[in-house]
Amino acid sequence: MDFALTGEQEALRDTAAKYLADDRSTADGRVAWAEIADLGWLDAELGTVELALLAEQLGWARGQSPWWATVGLAGPALRAAGRPIAAPATLAWAWENGPGTLAEAVAAARRPTGTDPAATAARPPAGTVARDGTPSSGNPGVVAGDGTLTGRALRVPHAVDAADLVVAVTGAYGVELRLVDASAVRATPAGAGGQALDPSRPVSTVELTGVPSTLLVAADAAADVLALTRRRALALLAAEAVGVAARALAWASGYAATRTQFGAPIGANQAVAHPLAECYGQVETARSLAYRAAWTVDEETGRVADQAILTANVAAREAALNACEVAIQTYGGSGFTWEQPLHHWYRRAWWLATFDGTVADARAELAGLLLDD
C-alpha cells in the first residue's frame, strides 16, 4: 500500500476542485451530468480511492448531482452485469416491512431459500415467480413470472433524478438485483423544500406495480454484490463527510482570523481557538481513515474491510457534525441566520450522519466486529 496519492490521483482531485469551484455543477442538471461524464467521473477504470477523492470534493462543494447514488449504490450491480454507467441511477433496497438498512439487505440476500441443491443447480432463467406468489418476510419486493416487479421501496436516494433504478427483490431462489426504467415507477419525495433534511440529497418512496425489469445479478451472486455496494457507498460517504467538515472548518478558521473585536482577531481568544484546533485534528484523522477505508474496498475483503469502513464512517460523520456546529458558534449570531450558507452544509452533515443508520448504530456494529471471535 502506498501512503501518498499518485500524481494522477492528485490531478483528478485538483481538476474536480476547480470544476466545482465555479458552481457549474449546481446549474442545469442535465448539463452538469454531461460535464461529469466528460470529466471521466463515471469511468470504469476509477478505483474506490479515486472515487473517494471525488466524493470529498463534492462534500466540500455540497454537490447536488446523483453521482454518489449512481457510482456508489447502483454502480456495483451495473458493473457486475457488464453494463456501462452512463445515465443517473440509484438503488432501492429498503422495503416496507422488510430490510431497512443495507446490512439487512445483505443478510436477506445471504439467507438460505430452502431450495434443494439439485433444483438450484438446474434452475431456470431468473424472472420466475416467488414460491408462494406473495411478498416474503425477508424482502417484500418480489418479481413475477413475466419479470415484472411489485413492492413499495422506502428512502431511495435520488430516485427523482434517476433514469435507471436497480432494485433488490425476492425471486424464486432468493434476492435478485434487477434493472427498472425509473420513468415507469412513481417516486414520492419524503419531505419537500425546507421540510427535507437535505433538499439537495432527496430521498423518495418508490411504488412498483407490475413494472417490467431486466435481470442484472442472479440470486447466487446478489449477496456479494450487495456487500460490495454497501462498502463502496459507505466509503464514499465517509469521504464526502470529510469534505463537508473541511469546508466548515475553512470557513470558521477564516472568519476567526479576520473578524476583530477590541482590536484583535477573535481567533486570539482561547475559547475560539481551542475548538477550532480540536476540530482540525478530528478532520485530519477522519480524512486518513476515509482514504484507508476506500483502499480496503478494492484490496481487502470481509471483516478487515468492514472494520475500516465503519471506523471511517464514525469518525467522518462525527467530524462533519462537529465542524459545522463549531463553525456556526464561531460566527456567533450571524451563524444562525438563513443568510449564512453554513446551514446548507449542516443539513448535509446530518443527512450523512443518519444515512442507513445512525452513528450509534455504526459504533455498535463496529464493536460487534471487534469483540466477535
K.L.:
Judged by atom type as modelled, is there a donor-acceptor pair below 3.5 Å linking the side chain of Thr337 to the main-chain atoms of Ser334?
P.N.:
yes
K.L.:
Between Arg178 and Leu215, is any pair of side-chain heavy atoms under 4.5 Å apart?
P.N.:
yes
K.L.:
Given 3.5 Å as the limit, does a donor-acceptor pair link the side chain of Trp68 with the main chain of Ala233, or not?
P.N.:
yes
K.L.:
Tell me the closest heavy-atom pair linking Ala235 and Ile309, and the distance in Å.
P.N.:
N-CG2, 4.2 Å
K.L.:
Mind checking what makes ring pair (Phe, Tyr, Trp, His ring centres under 6.0 Å) contact with His343, not counting sequence neighbours?
P.N.:
Trp338
K.L.:
Could you check if a side-chain atom of Trp67 sits within less than 4.5 angstrom of a side-chain atom of Leu42, using non-hydrogen atoms only?
P.N.:
yes
K.L.:
If the threshold is 4.0 Å, N to carboxylate O, is there a salt bridge linking Asp161 and Arg201?
P.N.:
no
K.L.:
Could you tell me which non-hydrogen atom of Arg317 sits nearest to which non-hydrogen atom of Ala241, and how far apart they are?
P.N.:
N-CB, 4.2 Å
K.L.:
Taking the side chain as every heavy atom from C-beta outward, state whether Phe355 and Val203 have any atom pair closer than 4.5 Å.
P.N.:
no
K.L.:
Please walk me through it: do His158 and Leu73 pass side chain to side chain contact (heavy atoms under 4.5 Å, CB included)?
P.N.:
CA-CA 11 Å; His158 284 291; Leu73 291 176; over 6 Å; no
K.L.:
Return all side-chain donor-acceptor pairs below 3.5 angstrom for residues 245-255, not counting sequence neighbours, or 'none' if the list is empty.
P.N.:
from	atom 1	to	atom 2	distance (Å)
Arg247	NH1	Trp60	O	2.7
Ser253	OG	Leu249	O	2.9
Tyr255	OH	Arg259	NE	3.1

K.L.:
Show the numbers, then the answer: is there a side chain to side chain donor-acceptor pair (under 3.5 Å) between Tyr291 and Glu56?
P.N.:
CA-CA 10 Å; Tyr291 288 175; Glu56 183 180 355; 2.7 Å; yes
K.L.:
Could you grab the distance from atom CG of Leu370 to atom OG1 of Thr311, nearest 0.5 Å is fine?
P.N.:
6.5 Å
K.L.:
Is it the case that the side chain of Asp146 and the backbone of Thr148 share a donor-acceptor pair, with hydrogens and angles ignored and the cut-off at 3.5 Å?
P.N.:
yes
K.L.:
Side chains of Leu54 and Leu46, heavy atoms from C-beta outward: is any pair under 4.5 Å?
P.N.:
yes
K.L.:
Evaluate the criterion side chain to side chain contact (heavy atoms under 4.5 Å, CB included) for residue pair Leu289 and Asn313; output intermediate values, then yes/no.
P.N.:
CA-CA 9 Å; Leu289 292 171; Asn313 267 268; over 6 Å; no
K.L.:
Do Val156 and Leu91 have side-chain heavy atoms sitting under 4.5 Å apart?
P.N.:
no
K.L.:
Are any non-hydrogen side-chain atoms of Val167 and Trp93 less than 4.5 angstrom apart?
P.N.:
no
K.L.:
If you define the side chain from C-beta out and look only at heavy atoms, does anything of Arg303 sit under 4.5 Å from Asp372?
P.N.:
yes
K.L.:
Look at the side chain of Thr170 and the backbone N and O of Val142, then say whether any donor-acceptor pair between them is shorter than 3.5 Å.
P.N.:
no
K.L.:
For the residue pair Ala168 and Trp95, what are the closest heavy atoms and their distance?
P.N.:
O-NE1, 3.0 Å
K.L.:
When you check the side-chain N and O atoms of Tyr19 and Glu35, is any donor under 3.5 Å from an acceptor?
P.N.:
yes
K.L.:
Determine, stepwise, if the pair Leu179 / Arg83 fulfils side chain to side chain contact (heavy atoms under 4.5 Å, CB included).
P.N.:
CA-CA 11 Å; Leu179 182 65; Arg83 289 176 173 265; 3.8 Å; yes
K.L.:
Any non-hydrogen side-chain atom of Arg231 less than 4.5 Å from a side-chain atom of Thr48?
P.N.:
no
K.L.:
Specify the closest pair of heavy atoms between Thr70 and Ala89, including all atoms of both residues, with the distance to one decimal.
P.N.:
OG1-N, 3.0 Å
K.L.:
Taking the side chain from Glu299 and the backbone from Trp295, do they hold a donor-acceptor pair closer than 3.5 Å?
P.N.:
no
K.L.:
Can any side-chain N or O of Asp43 pair as donor or acceptor with the backbone N or O of Glu45 at less than 3.5 Å?
P.N.:
no
K.L.:
Mind listing the closest non-hydrogen atom pair of Ala316 and Ala238 along with its distance?
P.N.:
CB-O, 3.3 Å
